[in-house]
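Note that the coordinates shown come from a computational prediction; the quantities given were computed from them, not determined experimentally. Counting starts at 1 for both ligands and their atoms, in listed order. In what follows, every heavy atom counts, from backbone to side chain, and hydrogens, waters and symmetry copies are set aside.
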Amino acid sequence: MKEKVKYLIVGQGLVGTWMSYHLEQAGVSYKIINDPNIQSASSVASGVINPVTGRRIVQTWMIETILPFAVNAYKKMEQQLNIDFIKPSPVILLHPSQQMQESFEYRLLHDNVYLYKQDPSKWKLFFETPFGMGAINNCYWIDLNKMISSWQTFLATENKYITAHFEMNDVNFLENEIVWKEIIASQIIFCDGLNSMNNPYFKALPFAPNKGEALIIKVPGLSKEHIYKNAVTMVPWKDDLFWVGSSYEWEFNNIAPTEAFKQKITQSLDQFLKIPYEIVDHLVGIRPANTQRRPFIGVHPIHKQLAICNGMGTKGCSLAPYFTNELLQLLEHNLPVEPEASLKRFDTILTSLK
Ligand SMILES: Cc1cc2nc3c(=O)[nH]c(=O)nc-3n(C[C@H](O)[C@H](O)[C@H](O)COP(=O)(O)OP(=O)(O)OC[C@H]3O[C@@H](n4cnc5c(N)ncnc54)[C@H](O)[C@@H]3O)c2cc1C
């Protein structure tokens with residue numbers, strides 16, 4: 001006998017985790033399918049929320065709305081699971097050039113909400129700082145692997161998690177529902193990251209996968225209360241480790257770690273880090289980015305049984321809690337999605353595909 005649920009979610013990375021969390025809070029029935037053999041972007045991400053971005057150190061898109069929503073949501077999930085995984089972690093800026101120092105000084109005086117000065121003498125045992133220092137407030141570090149695996153345990157206990165590889169060919173469309181194996185659902189919600197690029201109903205979306213590498217290093221003696229940003233970023237990782245990265249490659253032939261990246265990061269570390277370190281791992285992942293740098297949130301214009309929450313790019317940690325809730329509000333209450341993130345902007349292209 002088939003089991004009926006309202007939603008079938010595909011993928012339990014960061015986005016599928018938040019989608020299922022909001023459905024859980026709303027008391028709506030769902031199941032989530034995840035294939036742990038597919039490497040997720042979330043499993044190698046450094047887990048940083050930073051309210052400013054880029055060389056000009058400007059505020060991140062929608063940050064005043066998204067940041068308080070995200071922090072509150074992470075804390076609520078922590079409470080529900082009775083574990084800790086979000087931590088305030090100011091970013092210490094070790095300006096890598098005079099130009100970056102000038103950018104910081106300019107931004108400190110103009111439209112500044114998050115920046116503050118930093119005394120280099122406090123850090124002189126640890127870092128070379130020829131161009132001075134600054135800092136960013138309201139930054140957070142999230143232990144994504146801890147959060148996602150703990151939520152998965154909860155889902156499994158509730159009998160809502162299915163370990164399986166999802167194939168579109170296994171789906172049968174009924175008039176207002178879909179059937180996947182033993183499950184009947186009103187809608188499928190695709191939270192499957194880059195896999196959506198191969199989905200016949202969504203492959204026309206302007207995905208632009210972006211490869212990122214990182215080293216995991218041991219740095220005995222360096223405080224884990226901060227994130228450190230030079231030309232590279234050093235983020236506290238689990239145990240006594242730091243995550244160091246990353247690269248942003250729009251064109252790549254394979255998804256393997258490269259010697260060139262390792263050398264580049266090592267050179268950089270050797271220049272600014274004064275204390276010894278040891279490399280213990282080399283990670284690589286592909287960001288589900290897109291040419292518009294905005295999420296894809298909504299329902300397929302023709303096949304109303306198919307919804308998507310994707311395209312989080314480099315900012316999944318801050319965007320995912322908010323935009324999965326926007327999708328829930330659309331599906332359950334027909335409330336509009338933020339226009340810049342709405343799937344409606346692709347209605348023409350998705351309609352012509354099928
Ligand atoms: C090196 C690196 C560093 C990053 N650092 C940060 C950072 O500091 N801050 C930040 O905000 N963002 C960061 N990001 C970006 C962030 O990782 C992404 O925005 C986010 O993780 C995307 O989440 P997602 O759930 O959409 O995709 P994913 O994490 O890729 O999850 C997709 C899920 O779907 C499952 N799946 C896929 N296909 C199938 C299938 N056919 N059947 C079943 N299951 C399937 C996969 O197993 C996976 O669990 C970083 C990314 C990289 C690569």
Side-chain angles (χ1 to χ4, degrees), residues 8-20 31-51 53 60 63 66-67 70 74 89 91 139-145 147-149 151-152 155 161-171 180-181 188-199 207 209-216 227 229 232-237 243-249 252 255 257 261 265 282-290 293 295-297 308-324:
L8 183 63
I9 303 172
V10 180
Q12 199 232 331
L14 184 55
V15 173
T17 295
W18 279 112
M19 196 69 237
S20 51
K31 291 256 179 187
I32 186 162
I33 310 166
N34 190 59
D35 180 353
N37 296 318
I38 299 177
Q39 198 213 34
S40 67
S42 310
S43 65
V44 296
S46 52
V48 174
I49 295 182
N50 183 344
T53 192
T60 306
I63 198 66
I66 284 170
L67 183 65
Y74 283 105
S89 295
V91 172
C139 302
Y140 292 84
W141 176 67
I142 296 133
D143 187 338
L144 289 177
N145 287 309
M147 174 186 121
I148 291 171
S149 66
W151 184 249
Q152 192 171 100
L155 292 169
Y161 181 83
I162 303 168
T163 306
H165 184 79
F166 175 89
E167 293 278 354
M168 205 63 221
N169 286 340
D170 296 331
V171 174
W180 178 81
K181 299 193 174 172
I188 306 183
I189 307 177
F190 289 98
C191 302
D192 53 346
L194 277 184
N195 191 55
S196 282
M197 280 180 78
N198 307 317
N199 185 316
F207 282 103
N210 180 286
K211 180 177 175 183
E213 296 183 53
L215 297 181
I216 302 298
I227 294 161
K229 195 166 162 54
V232 299
T233 307
M234 288 176 66
V235 182
W237 194 241
W243 179 107
V244 191
S246 177
S247 53
Y248 295 87
E249 286 178 66
F252 49 91
I255 55 163
F261 174 81
I265 296 290
H282 187 166
L283 308 178
V284 62
I286 313 292
R287 302 174 181 91
N290 65 81
R293 295 175 194 228
F296 307 143
I297 312 296
I308 189 167
C309 190
N310 209 318
M312 300 294 154
T314 58
K315 303 265 175 211
C317 294
S318 43
L319 298 176
Y322 184 83
F323 281 107
T324 45

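Protein heavy atom nearest atom 51 (C) of ligand 1, with residue, atom name and distance: Arg287 CG, 3.4 Å. Counting protein heavy atoms only, atom 5 (N) of ligand 1 is closest to Ser46 N, 3.3 Å. In this structure, atom 46 (C) of ligand 1 lies nearest to the protein heavy atom Asn34 OD1, 3.7 Å. The nearest heavy-atom contact from the protein to atom 39 (C) of ligand 1 is Ile38 CD1, 3.4 Å. The protein heavy atom nearest to atom 33 (C) of ligand 1 is Gly13 N, 3.6 Å. Protein heavy atom in closest approach to atom 15 (C) of ligand 1: Gly313 O, 3.1 Å. When hydrogens are left out, the protein atom nearest atom 12 (N) of ligand 1 is Thr314 O, 3.0 Å; that is the closest non-hydrogen contact. Counting only heavy atoms of the protein, atom 20 (C) of ligand 1 lies nearest to Ser42 OG, 3.9 Å.
Under the side-chain contact (heavy atoms from CB on, under 4.5 Å) criterion, Ser43 pairs with Gln39, Ser40, Asn145, sequence neighbours left out.
The atoms of ligand 1 that sit less than 4.0 Å from any heavy atom of Gly212 are 1 (C). Applying the 4.0 Å criterion to heavy atoms of Cys317 picks out, from ligand 1, the atoms 9 (N), 10 (C), 11 (O). Near Gly193, meaning under 4.0 Å from one of its heavy atoms, ligand 1 places the atoms 26 (O), 27 (O), 32 (C). When each atom of ligand 1 is checked for a heavy atom of Gly316 under 4.0 Å away, the hits are 10 (C), 11 (O), 12 (N), 19 (O). Atoms of ligand 1 found under 4.0 Å from any heavy atom of Met312 (numbered from 1 in listed order, with element): 19 (O). For ligand 1, the atoms closer than 4.0 angstrom to any heavy atom of Gly285 are 53 (C).
Close N/O approach between Phe166 and ligand 1 is found [any backbone or side-chain N/O within under 3.5 Å]. Checked by distance only, ligand 1 and Ala41 come closer than 3.5 Å through their nitrogen or oxygen atoms. For the pair Pro36 and ligand 1, the shortest N or O to N or O distance does not fall below 3.5 Å. Residue contacts with ligand 1: Asp35 is placed with a nitrogen or oxygen under 3.5 Å of a nitrogen or oxygen of the ligand (distance criterion only). Considering backbone and side-chain N/O atoms, Leu14 comes within less than 3.5 Å of an N/O atom of ligand 1.
In terms of modelled atom types and a separation under 3.5 Å, the side chain of Trp141 and the main chain of Ser46 share a donor-acceptor contact. Without hydrogens or angle criteria, Asn310 side chain to Cys191 main chain gives no donor-acceptor distance under 3.5 Å. Within the 3.5 Å criterion, the main-chain N or O of Tyr140 finds no donor-acceptor partner in the side chain of Ser89. Formation of a donor-acceptor pair under 3.5 Å by the Ser247 side chain with backbone atoms of Glu213 is found in this model. At least one donor-acceptor pair closer than 3.5 Å links the side chain of Ser20 to the backbone N or O of Gly16. Using a distance-only test at 3.5 Å, with no hydrogens or angles considered, no donor-acceptor pair links the side chain of Thr314 to the main chain of Ala289. Tyr74 contributes no side-chain N or O that, together with a main-chain N or O of Met147, makes up a donor-acceptor pair within less than 3.5 Å. With hydrogens and angles disregarded, a donor-acceptor distance shorter than 3.5 Å links the side chain of Thr60 to the backbone of Pro51. Under a 3.5 Å cut-off, the side chain of Ser42 and the backbone N or O of Gly13 do not form any donor-acceptor pair.
Checking Ile286, Ile9, Val15, Asn198 against atom 24 (P) of ligand 1, the nearest heavy atom belongs to Val15.
In this structure, Ser246 counts as a contact residue of ligand 1, since one of its heavy atoms falls inside 4.0 Å of the ligand. Residue-ligand proximity: Gly47 is placed with a non-hydrogen atom under 4.0 Å from ligand 1.
Residue contacts with ligand 1, taken as heavy atom pairs separated by less than 4.0 Å, involve Lys315 solely via the backbone atoms N, CA, C and O. Contacts with ligand 1 closer than 4.0 Å are made by side-chain heavy atoms of Pro288 only, the backbone lying farther away. At a heavy-atom cutoff of 4.0 Å, ligand 1 is contacted by the backbone of Ala164 but not by its side chain. Only backbone heavy atoms of Gln12 (N, CA, C or O) come within less than 4.0 Å of ligand 1; its side chain stays farther off. Heavy atoms of Asn195 found under 4.0 angstrom from ligand 1 belong exclusively to the side chain. In Trp243, the part holding a heavy atom less than 4.0 Å from any atom of ligand 1 is the side chain.
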With side chain to side chain contact (heavy atoms under 4.5 Å, CB included) as the criterion, how do Thr53 and Lys315 come out once you've worked through the C-alpha distance, each side chain's angles and the decisive distance to 0.1 Å? CA-CA 10 Å; Thr53 192; Lys315 303 265 175 211; 3.3 Å; yes

Intermediate values then yes/no, side chain to side chain contact (heavy atoms under 4.5 Å, CB included), Leu283 and Trp237: CA-CA 13 Å; Leu283 308 178; Trp237 194 241; 4.1 Å; yes

In sequence, state the C-alpha distance, the side-chain angles, and the governing distance for Met312 and Val15, and then conclude on side chain to side chain contact (heavy atoms under 4.5 Å, CB included). CA-CA 8 Å; Met312 300 294 154; Val15 173; 3.6 Å; yes

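Exactly one residue among Val48, Val235, Leu215 makes a side-chain contact (heavy atoms from CB on, under 4.5 Å) with Trp243. That residue is Val235. Partner of Gln12 under the side-chain contact (heavy atoms from CB on, under 4.5 Å) criterion, out of Asn34, Asp192, Ile33, Asp35: Asn34 alone.
Ring orientation note: the planes of Phe207 and Phe296 are nearly perpendicular, at an angle over 60° on the 30°/60° scale.
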